[in-house]
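Shown next, in structure tokens, is the structure this report addresses.
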Amino acid sequence: MLRRPPVDGQGRLAARNGYSSSIQLFLSVKNREIAKILYDMAELLELKGENRFKIIAYSKAARAIESLKEDIEDVWRQGELKAIPGVGKAIADKVREYLETGQIQSYQILVAETPPGLTELLQVQGMGPKTVALLHDKLGVTNIDQLEQAALQHRIRRLPRMGATREANILKSIDRYRRRSTRIPLYVAKPIVDQILDYLGQIPGLEHITVAGSFRRGRETVGDIDILATSSSPEAVIGAFVQMPSVEEVLGQGPTKASVIVKETVQVDLRIVDHRSYGTVIQYFTGSKEHNVKLRGLALQRGYSLSEYSLKRVATGEELYFDREEDVYARLGLPYIPPELREDRGEIEAALAGKLPRLVELQDIKGDLHVHSAWSDGLGSLEELASAAQGLGYQYLGLCDHSPSVGIAGGLSEERLQEKIAAVEKFNQGQDGFRMLAGTEVDIKADGSLDYPDRILESCDLVVASIHMAQNQTEREINGRLISAIENEHVDIIAHPTGRLIGRRDPYDVDLQAVLEAARGTGTIMEINAHPNRLDLDDHWSRVAKDMGVPVAINTDSHAPDQLRLMSYGIRVARRGWLEAGEVVNTRPLTDLLPLLDR
DNA sequence: GCCGTTTTCGGCCCGACTGTTTTCAGTCG
Ligand SMILES: Nc1nc2c(ncn2[C@H]2C[C@H](O)[C@@H](COP(=O)(O)OP(=O)(O)OP(=O)(O)O)O2)c(=O)[nH]1
Ligand SMILES: [Mg+2]
Ligand SMILES: [Mg+2]
Ligand SMILES: [Zn+2]
């Protein structure tokens, strides 16, 4: 279908002011590199026993630069480095030094002073900066193997505040460290969470139970599973928790919380408090840590001390209890901040200013614009797909099977595609209030051309374009392919723009900022692929797209009717990207969507 | 090292659990 021309002056203006191509190539890579160095510096300074607030300052600056929406090099050129929250004179100077010379002197010195391997020791549970420094000073331990030897040879127990138990625990921690896995994708954590909730739900004395932490915030991966419960007999609940059949190791256990390991490497934390503290404790345990720290700082400014137990008036010591976290935020003068936003990425400032977005919800979705069918490698007839879609309250589905060069996935020949278009047309005649869109997921070939000729694309209701082959090309080549697809007037949507598979495959070498600039110029829609392995665009880039005014669609890329339900994963990404319903094209009813696809 | 509708100095979130301690530092959430 024909895409619309640039819709507003904003798009054209931005295109003119766009970044020069040499900068585009490295955009956001520098942000990542500098953030990494600052994180490293924080650890190295910590090992040197530096002031802890200095360390916090470095970590905070690193985080701010990591989640920056602009290219740090542009920020520098505009003389705005110190406008980044957490970046002051000293760190701004270091950033400038890095951008000018490619290195940071003080960082080089820190690295040279510190044996390689020492910072890795901080990854071992229970090993903090003080212990690492002590074992390095007294025993010359500089890496994991030496730490293990020191423990096995009982050399650690002779040091102050060390003992036999400590040694044994270090050995256990080293073992866990060596078996450690990466962060767990949300959808992998989901059944584990459900199982634990089910199990604990049956324990007598348990009142309320829910999942918190990064899982509740909808992060794409979680580092552990955080469960919150209220009970007036917490010890009994903790006891039952550590006795769960799936528990392989108990890391710690007290009257209010416990941590265990299940499934070899998955840590589960359980926290229990009295129900009167429910509002504050769910706020606390949902996090993020950075959000909590900032909120607690704000509370202090307002004369309160906020903990998981209560909001306490500092002046009088009076404790206020809340049933709901909304009320905690309200008492601090803030509107409710949805968990997906709680990353200290400006949400508290936005809340204070009354400028929080009204986040898109699953109920806002009116259709799915990237769905496979039995015509290619998917399962499901038109009837089955339409029925599943209508069950979800949808008004339309974009039926997008593969193109010929994706032969392994049953890509359709031109003839087959035309048959499909005819079949869809016939199908639609029997429909009332539902429309199947005859589409394609056309491959963007290695040379940047599309896998169907224009006259075929023109006959589709919907054209989704994406990269499947030659994923190892250079950034310049990948960008060239994506941008030429964007510039093809028939292409409506770019699917899974970076190609990453969570935990399995890195993104292509792609400069997404430049791709988004191009999409803004043409009004091409960028996909948030909701498949929980993909989530592509991710939350960060979804927010960049939002801020740039690039339209977004949330699509499941379903290969079977029941996969349409995966939409909820994409919704979480969109919400974490601050997107409102109006910024997501498939919240539009059919009649408002069609003009976007066809002038 | 950063920051400021109380501040340019003096704060920077607050609490649980462990192992060692005889009163608490270190680590983690
Ligand atoms: N106030 C405060 N809360 C914290 C701190 N550390 C953790 N929390 C709270 C907020 C976290 O979301 C929650 C669970 O801690 P986790 O270490 O499991 O972090 P989270 O789940 O956010 O991320 P994860 O995916 O597990 O790495 O506990 C802290 O230092 N201060
Ligand atoms: Mg967690
Ligand atoms: Mg945790
Ligand atoms: Zn697909």
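Every chain is numbered from 1, with letters handed out A, B, ... down the list of sequences.
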Quiz item: Is there a donor and acceptor pair closer than 3.5 Å between the side chain of Tyr284(A) and the base of dG29(B)?
Solution: yes
Quiz item: NA contact type, Ser259(A), heavy-atom cut-off 4.0 Å: base, sugar-phosphate, or nothing?
Solution: nothing
Quiz item: Using purine N1 to pyrimidine N3 plus N6-O4 or O6-N4 for Watson-Crick, or N1-O2 and O6-N3 for G-U wobble, each under 3.5 Å, what pairs with dC17(B)?
Solution: dG26(B)
Quiz item: Reckon Leu300(A) touches a base, only the sugar-phosphate, or nothing at all at heavy-atom distances under 4.0 Å?
Solution: sugar-phosphate
Exercise. Considering only atom C1', compute the distance from dG11(B) to dT21(B) and round it to an integer number of Å.
Key: 31 Å
Practice problem: Check every strand shown and say whether Glu50(A) touches a base, only sugar-phosphate, or nothing at a heavy-atom separation below 4.0 Å. | Solution: nothing
Exercise. Tell me, with the steps shown, if Leu121(A) and Ile144(A) meet side chain to side chain contact (heavy atoms under 4.5 Å, CB included).
Key: CA-CA 6 Å; Leu121(A) 290 176; Ile144(A) 307 262; 4.1 Å; yes
Practice problem: Count the heavy atoms belonging to other residues, nucleotides or ligands that lie under 6.0 Å from CZ of Arg565(A), then report whether that count exceeds 12. | Solution: no
Practice problem: Side chain of Tyr58(A) only, please: which of dC14(B), dG15(B), dG1(B) is the nearest? | Solution: dG1(B)
Exercise. Using the P atoms only, state how far dA16(B) lies from dG10(B), rounded to an integer number of Å.
Key: 31 Å
Quiz item: For Glu220(A) and Tyr569(A), does a side-chain donor sit closer than 3.5 Å to a side-chain acceptor?
Solution: no
Quiz item: Is it true that atom CZ of Arg52(A) has more than 12 heavy atoms of other residues, nucleotides or ligands lying nearer than 6.0 Å?
Solution: no
Exercise. Report yes if at least one side-chain N or O of Ser305(A) is closer than 4.0 Å to OP1 or OP2 of dC13(B); otherwise report no.
Key: no
Quiz item: Nearest to the side chain of Asn169(A), which nucleotide is it out of dT18(B), dC17(B), dG29(B)?
Solution: dT18(B)
Quiz item: Given atom CE of Met162(A) and atom P of dA25(B), what is their separation to the nearest angstrom?
Solution: 14 Å
Quiz item: Base, sugar-phosphate, or nothing for Pro255(A), non-hydrogen atoms under 4.0 angstrom?
Solution: sugar-phosphate
Quiz item: Out of dG26(B), dG29(B), dC17(B), which has the shortest distance to the side chain of Thr256(A)?
Solution: dC17(B)
Quiz item: Which of the following nucleotides, dG29(B), dG1(B), dT27(B), is nearest to the side chain of Thr131(A)?
Solution: dT27(B)
Exercise. Give the rounded distance in Å between these two atoms: CE of Met127(A) and P of dG19(B).
Key: 15 Å
Practice problem: Determine, stepwise, if the pair Asp175(A) / Arg178(A) fulfils salt bridge (Lys or Arg N to Asp or Glu O under 4.0 Å). | Solution: CA-CA 5 Å; Asp175(A) 185 49; Arg178(A) 289 188 173 140; over 6 Å; no
Quiz item: Rounded to the nearest Å, what distance is computed from the CG atom of residue Asp224(A) to the C1' atom of nucleotide dG29(B)?
Solution: 9 Å
Practice problem: Determine the contact category for Gln301(A): base if any of its heavy atoms lies under 4.0 Å from a base atom, sugar-phosphate if only primed atoms, P, OP1 or OP2 are that close, otherwise nothing. | Solution: nothing
Quiz prompt | Integer angstrom distance from the P of dC12(B) to that of dC17(B) | solution = 24 Å
Self-check item: Option from Arg575(A), Glu343(A), Glu340(A) for which side chain to side chain contact (heavy atoms under 4.5 Å, CB included) with Arg217(A) holds
Solution: Glu343(A)
Exercise. Indicate, with a heavy-atom threshold strictly under 4.0 Å, whether Asn292(A) touches base, sugar-phosphate, or nothing.
Key: nothing
Quiz item: Among dC2(B), dT20(B), dC13(B), which is the nearest nucleotide to the side chain of Val293(A)?
Solution: dC13(B)
Quiz prompt | Distance, C1' atom - from dC13(B) to dC28(B), rounded to whole angstrom | solution = 14 Å
Practice problem: For dT23(B) versus dT18(B), give the span between their C1' atoms, rounded off to a whole number of Å. | Solution: 15 Å
Practice problem: Report the distance from atom CD of Glu349(A) to atom P of dG4(B), rounded to the nearest whole Å. | Solution: 11 Å
Quiz item: Looking across every strand, which nucleic acid part, if any, lies under 4.0 Å from Arg161(A) by heavy atom: base, sugar-phosphate, or nothing?
Solution: base
Quiz item: How is Leu306(A) classified with respect to the nucleic acid when contacts are heavy atoms under 4.0 Å: base, sugar-phosphate, or nothing?
Solution: sugar-phosphate
Quiz prompt | Ile91(A) versus Ala57(A), closest heavy-atom pair with distance | solution = CD1-O, 4.1 Å
Quiz item: Roughly how far apart, to the nearest Å, are dT27(B) and dT20(B) at atom P?
Solution: 14 Å
Self-check item: Out of dG19(B), dC2(B), dG29(B), whichever nucleotide has its closest atom nearest the side chain of Ala57(A)
Solution: dC2(B)
Practice problem: Would you mind telling me which residue lines up with the more 5' stretch of DNA chain B, Tyr309(A) or Arg52(A), judged by nearest nucleotide? | Solution: Arg52(A)
Quiz item: Rounded to whole angstrom units, what separation is found between the NZ atom of Lys48(A) and the C1' atom of dG1(B)?
Solution: 15 Å
Quiz item: If you find the nucleotide of DNA chain B closest to Ala164(A) and the one closest to Pro129(A), which residue's nucleotide is nearer the 5' end?
Solution: Ala164(A)
Quiz item: Does Phe285(A) have Arg271(A) sitting over its ring (NZ/CZ under 6.0 Å from centre, angle to axis within 45°)?
Solution: no
Exercise. Under 4.0 Å between any heavy atoms, over every strand shown, what does Lys289(A) touch: base, sugar-phosphate, or nothing? Just pick one.
Key: base
Exercise. Compare the minimum distances between each of dG1(B), dC14(B), dG19(B) and the side chain of Arg166(A), then state the nucleotide with the smallest one.
Key: dG19(B)
Practice problem: Starting from C1' on dC14(B), measure out to CZ on Phe285(A) and report it in whole angstrom. | Solution: 14 Å
Self-check item: Below 4.0 Å: OP1/OP2 of dG29(B) and any side-chain N or O of Gln267(A)
Solution: yes
Exercise. For Ile156(A) and dT20(B), give me the distance from atom CD1 to atom C1', rounded to whole Å.
Key: 15 Å
Exercise. Provide, to the nearest angstrom, the distance between the CZ atom belonging to Arg216(A) and the C1' atom belonging to dG29(B).
Key: 17 Å
Practice problem: Could you give the distance separating dG26(B) and dT22(B) at their P atoms, to the nearest angstrom? | Solution: 15 Å
